[in-house]
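A short write-up of the structure that comes next.
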2 protein chains.
Amino acid sequence: MSPRRVTLAEVAEHAGVSRTTASLVLAGRARELRISQSVEQRVVEAARELAYRPNAMSVGLRTGMSRTLGFVSDTVATSRLAGDMIKGALEAAREQGLMLFIGETEGEADLERGLLQAMHDRQVDGIIFASMFTRAVKVPAALTAGPAVLLNAVPKRTSPLSSVVPDEVEAGRSAARVLLEAGHRDGIHLIGAGPRLRDVPPEALAGVQRLTGISEVLAGARVRIAGGHVCVDWQPEHGYEATRQLLEDTRPRALICLNDRLAVGAYQALDDVGLKVPSDVSVISFDDHPVASWIRPKLTTVALPHYDLGHKAVEVLLAEIDRNREGTPPRGETYRVSMPVRTRDSVAAPDA
Amino acid sequence: MSPRRVTLAEVAEHAGVSRTTASLVLAGRARELRISQSVEQRVVEAARELAYRPNAMSVGLRTGMSRTLGFVSDTVATSRLAGDMIKGALEAAREQGLMLFIGETEGEADLERGLLQAMHDRQVDGIIFASMFTRAVKVPAALTAGPAVLLNAVPKRTSPLSSVVPDEVEAGRSAARVLLEAGHRDGIHLIGAGPRLRDVPPEALAGVQRLTGISEVLAGARVRIAGGHVCVDWQPEHGYEATRQLLEDTRPRALICLNDRLAVGAYQALDDVGLKVPSDVSVISFDDHPVASWIRPKLTTVALPHYDLGHKAVEVLLAEIDRNREGTPPRGETYRVSMPVRTRDSVAAPDA
DNA sequence: TCAGCTTGCTAACTCGATTTAGCAAGCGGC
DNA sequence: GCCGCTTGCTAAATCGAGTTAGCAAGCTGA
């Protein structure tokens with residue numbers, strides 16, 4: 001794009017000094033280089049009058065810092081589910097005067113390689129490697145060439161990269177506590193997976209961790225999980241079918257749906273047989289998808305902290321960039337972001 | 001980011017030629033500058049062996065083309081509603097070897113100005129200025145300094161910028177046609193706005209245009225719109241209340257909900273009084289939000305072509321960039337992208 | 001043999017900013 | 001007056017790539 005811009009050379013000429021002097025003044029180094037107040041004033045004034053803004057490409061080429069970050073993910077920006085992750089990252093970046101390049105791989109290795117290359121070609125200061133669903137990832141070699149952070153992902157193998165993930169175990173504990181606090185002691189069923197840990201595919205990290213937390217708290221209260229219904233995928237249809245099957249066998253008092261879309265399906269199945277939420281059956285879930293507040297009654301759910309995840313990832317990445325500049329090795333730490341309970345209308349005391 | 005990269009100078013040295021020669025060869029200008037086949041071969045081989053990739057910052061500084069585009073919107077990337085717009089844009093850009101900077105303004109003028117500046121500082125080749133909801137926008141002055149395109153927006157005043165928008169009028173026609181084709185001739189009610197055009201706020205562009213198309217086709221078939229229910233916002237709660245009120249007065253045969261979230265609410269209200277979709281009341285709607293295929297029965301809806309909108313915007317922007325490079329004035333055209341009907345299960349012939 | 005043309009490359013400059021070494025002028029002390 | 005130090009700036013080089021003018025060598029025709 002070629003719209004005319006004011007160059008530093010023009011500012012220098014306007015102020016009647018060399019480009020070097022102008023550069024040093026605007027970089028805040030006037031004192032250090034013993035430039036007089038009057039020259040400094042002239043430069044600052046000229047820059048203001050001419051509305052000078054540095055060309056970021058030029059600065060980047062000279063300094064090796066482009067003031068841009070890369071955000072590479074499978075489908076975060078485009079899946080309609082985790083937009084707040086991007087939002088959090090965008091805001092954290094903006095606060096520091098940085099811009100974000102977005103790239104989506106759809107999980108394809110070739111696309112991923114091309115994107116990482118394109119970002120490195122553009123000299124990004126660092127890269128956030130994000131996953132739509134919490135999972136363990138194979139860290140691409142190209143990613144460790146410079147500062148990078150995993151977002152909503154943990155490395156499959158030992159890696160120098162730090163991770164930022166939701167605290168899913170604690171979320172499971174929270175969900176169980178909500179039911180216990182409402183008075184539920186039996187008839188608690190899982191929709192989506194369980195009741196044993198081995199009923200969850202190990203790659204479904206969120207499921208494993210949610211169930212871990214749920215089991216821990218219920219066991220601690222000597223409450224048994226009455227049953228679990230495995231779903232091959234966590235969409236409304238699967239929640240509907242699982243709940244239909246459950247209702248053929250028994251009358252549940254509470255459902256822990258492993259995500260909100262499963263809960264949508266559970267609501268539909270309960271409605272089909274005339275059971276009311278929450279007077280007949282309480283429902284608690286995870287994610288806080290917008291649909292949670294569209295269904296009636298509104299769903300109590302433990303929220304994925306997308307915004308905070310994205311924001312934290314940028315913070316951690318910036319720390320890694322600083323570390324890299326100082327020649328310090330990467331931190332390789334896992335940061336867990338807590339998941340708040342969104343209390344709505346789907347949980348009540350068990351009926352008699 | 002400072003990981004070691006191979007420079008053109010290193011390729012030249014490896015091939016035993018000048019940097020100029022190496023540059024000309026890799027730019028495909030060997031023939032034009034009469035460089036021998038053997039020299040050309042040596043350069044190409046050296047570049048391959050050394051895995052040379054040009055530094056995009058350097059190329060950008062020298063050529064004035066950064067091979068990046070800006071995407072500025074209110075809340076498109078982060079609202080969870082229009083992710084496919086970004087996806088379409090990302091894919092169109094990737095096909096051309098370009099990358100996308102994303103920035104969100106939340107409709108704040110200061111943020112908007114800062115973002116446009118940041119993108120210009122980084123020498124973006126052009127900018128897509130997008131809106132989450134179809135609307136008329138005040139085009140920021142900074143935007144017309146170089147190639148730019150409006151996406152899901154039209155300019156409030158005459159502007160040199162082209163627009164890419166969904167064809168909402170034709171979408172309204174499609175929706176009406178679906179009902180006519182199912183046999184509906186009366187008892188057709190609108191949920192969200194209407195029945196007259198003046199019942200829609202003029203700034204709710206999609207509403208005005210959808211209603212225009214609906215009215216046109218129904219009038220052409222001599223079918224009256226039985227009634228319309230204005231909603232201050234188009235969320236499920238509003239659809240629920242409007243439909244509840246409607247059901248207190250009359251028994252509708254078909255509902256045209258002005259978007260899918262209103263339809264969610266309408267479904268809930270119909271369920272409350274034991275009316276079945278579609279046997280008792282057909283429902284058609286707009287947008288094709290994911291929830292359309294979660295509710296039961298699945299909703300027939302006229303889809304917003306987010307992916308195609310985003311893709312088209314990049315295409316149009318690239319044409320504008322070429323035009324700008326040739327010194328040709330911007331096109332200033334409006335491109336309407338058609339909205340396909342997603343036929344599901346919510347429309348049937350009227351009952352007796 | 002000489003002049004003009006062709007071939008095949010290179011030196012130098014450019015893009016816009018930053019960085020570093022160093023120079024000139026002035027001052028103070030011996 | 002001379003030398004060393006301080007002040008206040010600048011020239012030159014750098015970052016990595018692209019662009020343009022031009023030079024040297026060789027060939028051909030008169």
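Reminder, nothing fancy here: chain letters follow the sequence lines and each chain counts from 1.
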From [options], nucleotide with atom closest to [X] side chain:
X	options	result
A/Thr21	D/dG18, C/dG8, D/dC9	D/dC9
B/Ser36	D/dT14, C/dC9, D/dT10	C/dC9
A/Ser18	C/dG16, D/dA17, D/dT10	D/dT10

B/Ser18/B/Thr21 under side-chain hydrogen bond (donor to acceptor under 3.5 Å, both in side chains): CA gap, chis, key distance, verdict: CA-CA 5 Å; B/Ser18 74; B/Thr21 301; 3.1 Å; yes
In whole Å, I'd like the distance from the [atom1] atom of [X] to the [atom2] atom of [N].
X	N	atom1	atom2	result
B/Arg42	C/dC9	CZ	P	8 Å
B/Arg4	D/dG16	CZ	C1'	12 Å
B/Leu26	D/dG18	CG	P	8 Å
B/Gln37	C/dT7	CD	P	14 Å
B/Ile35	C/dT10	CD1	P	8 Å
A/Leu24	D/dT7	CG	P	17 Å
A/Glu32	C/dT19	CD	P	10 Å
B/Arg62	C/dA17	CZ	P	15 Å

Taking it one step at a time, do A/Arg29 and A/Glu32 satisfy salt bridge (charged side-chain N to carboxylate O under 4.0 Å, His left out)? CA-CA 5 Å; A/Arg29 296 176 69 189; A/Glu32 179 189 334; 3.1 Å; yes
With a cut-off of less than 4.0 Å, is there a side-chain N or O of [X] near OP1 or OP2 of [N]?
X	N	value
A/Ser23	C/dT18	yes
A/Thr20	D/dT10	no
B/Tyr52	D/dA17	yes
B/Ser58	D/dA17	no

Base, sugar-phosphate or nothing for B/Leu8? Non-hydrogen atoms, less than 4.0 Å. sugar-phosphate
Would you classify B/Arg29 as touching base, sugar-phosphate or nothing, given that sugar-phosphate means primed atoms plus P, OP1 and OP2, and contacts are heavy atoms under 4.0 Å? sugar-phosphate
I'd like to know if the side chain of A/Asp74 pairs up with that of A/Thr105 as donor and acceptor (distance under 3.5 Å, no hydrogens or angles considered). no
With distance as the sole criterion, is a donor-acceptor pair present between the side chains of B/Tyr307 and B/Glu91 under 3.5 Å? yes
Starting from the 5' end of DNA chain C, give me the residue, B/Leu33 or B/Leu61, whose nearest nucleotide shows up first. B/Leu33
Which comes earlier along DNA chain D counting from the 5' end, the contact point of B/Ala27 or that of A/Val39, where each point is its nearest nucleotide? A/Val39
Check B/Met57 against A/Ser66 and note the closest heavy-atom contact, atom names and distance. CE-CB, 3.9 Å
